[in-house]
Amino acid sequence: VQLVESGGGLVQAGGSLRLSCAASGRTFSRYTMGWFRQAPGKEREFVVGISWSGGNTYYADSVKGRFTISRDNAKNTLYLQMNSLKPEDTAVYYCAVPKTPIPLDGSNLRKTSSYDYWGQGTQVTVSS
């Protein structure tokens with residue numbers, strides 16, 4: 001099982017980036033998927049989760065209205081469109097998948113311990 005993130009980079013405040021997470025080795029189309037991020041010196045935090053169908057999403061308050069998650073199950077790929085970026089969005093961004101289904105409306109969605117597979121991360125740096 002492998003998750004590979006891409007699309008990170010350096011952008012000015014107010015700019016946009018689109019992250020991708022390509023999954024291989026397993027079909028993830030029946031599983032909730034999530035994006036997390038980790039800033040230097042801080043714990044990894046939940047950003048957003050999406051149901052297996054893509055029809056339901058759950059965003060952290062800090063990114064609501066600015067970030068949009070989507071998925072293409074045919075391509076086994078997860079996306080994160082990030083607009084109106086702020087310096088506080090600077091972090092390494094990770095995609096993650098659990099071995100067992102996670103309810104989108106439960107607290108487990110936001111816990112790193114609920115996820116079993118992680119990508120290597122992609123760096124997003126937002127300059128002021």
Side-chain angles (χ1 to χ4, degrees):
V1 175
Q2 189 175 21
L3 301 173
V4 180
E5 301 95 338
S6 61
L10 173 63
V11 64
Q12 288 187 332
S16 300
L17 285 173
R18 189 192 193 207
L19 306 184
S20 299
C21 171
S24 61
R26 180 184 181 191
T27 299
F28 294 98
S29 60
R30 289 292 179 178
Y31 293 87
T32 298
M33 297 183 75
W35 285 100
F36 287 75
R37 66 186 182 185
Q38 188 167 17
K42 295 187 177 181
E43 292 188 352
R44 194 168 298 187
E45 65 174 4
F46 172 80
V47 176
V48 57
I50 187 168
S51 63
W52 69 269
S53 67
N56 293 290
T57 56
Y58 185 93
Y59 293 87
D61 288 343
S62 58
V63 305
K64 201 174 295 183
R66 301 187 297 120
F67 290 11
T68 303
I69 190 174
S70 61
R71 65 191 295 168
D72 185 336
N73 286 337
K75 296 182 178 179
N76 243 11
T77 302
L78 180 71
Y79 303 99
L80 182 64
Q81 178 67 43
M82 305 186 296
N83 298 328
S84 302
L85 282 161
K86 304 175 180 179
E88 51 263 44
D89 294 318
T90 295
V92 178
Y93 283 71
Y94 300 89
C95 62
V97 180
K99 282 185 179 179
T100 55
I102 302 175
L104 207 68
D105 58 354
S107 61
N108 286 342
L109 179 73
R110 301 183 293 277
K111 296 178 181 178
T112 58
S113 58
S114 298
Y115 297 80
D116 302 283
Y117 303 109
W118 294 84
Q120 85 290 347
T122 185
Q123 176 71 48
V124 171
T125 303
V126 184
S127 63
S128 57

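Each residue takes its place number in the sequence, starting with 1.
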- Under the side-chain hydrogen bond (donor to acceptor under 3.5 Å, both in side chains) test, which residues partner Thr57, sequence neighbours left out? none

- Query: How about Val97 and Leu78: do any of their side-chain heavy atoms sit closer than 4.5 Å?
  - Reply: no

- Query: Does the side chain of Tyr79 reach to within under 4.5 Å of the side chain of Thr68, using non-hydrogen atoms?
  - Reply: no

- Check: Leu19 and Met82 side chains under 4.5 Å, non-hydrogen atoms: yes

- Task: With rounding to the nearest 0.5 Å, note down the distance linking NZ in Lys99 to OG in Ser114.
- Result: 13.5 Å

- Message: Let me confirm one number: the OG-CD distance from Ser62 to Glu88, rounded to the nearest 0.5 Å.
- Response: 9.0 Å

- Measure the spacing between CG of Leu10 and OG1 of Thr90 and express it to the nearest 0.5 Å. 8.5 Å

- Message: Would you say that more than 12 heavy atoms from the other residues, nucleotides or ligands in this model lie under 6.0 Å from the OH of Tyr58, or not?
- Response: no

- Query: If you round to the nearest 0.5 Å, how far is CG of Asp116 from OG1 of Thr100?
  - Reply: 6.5 Å

- Note on the structure: Scanning both residues in full, the closest heavy-atom pair of Arg37 with Val63 reads NH1-CG1, 3.9 Å

- Message: If I take atom CD1 from residue Ile50 and atom CH2 from residue Trp35, how far apart are they, to the nearest 0.5 angstrom?
- Response: 11.5 Å

- Message: Parallel, tilted or perpendicular: which one describes the rings of Tyr115 and Phe36, with boundaries at 30° and 60°?
- Response: perpendicular

- Message: Once salt bridge (Lys or Arg N to Asp or Glu O under 4.0 Å) is applied, do any residues pair with Arg66, and if so which ones, sequence neighbours excluded?
- Response: Asp89

- Task: Determine whether Thr122 and Ser6 make a side-chain contact, defined as any pair of heavy atoms from C-beta on separated by less than 4.5 Å.
- Result: no

- Message: Holding to side-chain hydrogen bond (donor to acceptor under 3.5 Å, both in side chains), I want the full list of residues that pass it with Gln38, two or more places apart in sequence or in another chain.
- Response: Arg44

- Query: At what distance, to the nearest 0.5 angstrom, does SG of Cys21 lie from CZ of Arg71?
  - Reply: 10.0 Å

- Side chain to side chain, Pro101 and Tyr31, heavy atoms closer than 4.5 Å: yes

- Relative to each other, are the rings of Tyr93 and Phe67 parallel, tilted or perpendicular (30° and 60° limits)? tilted

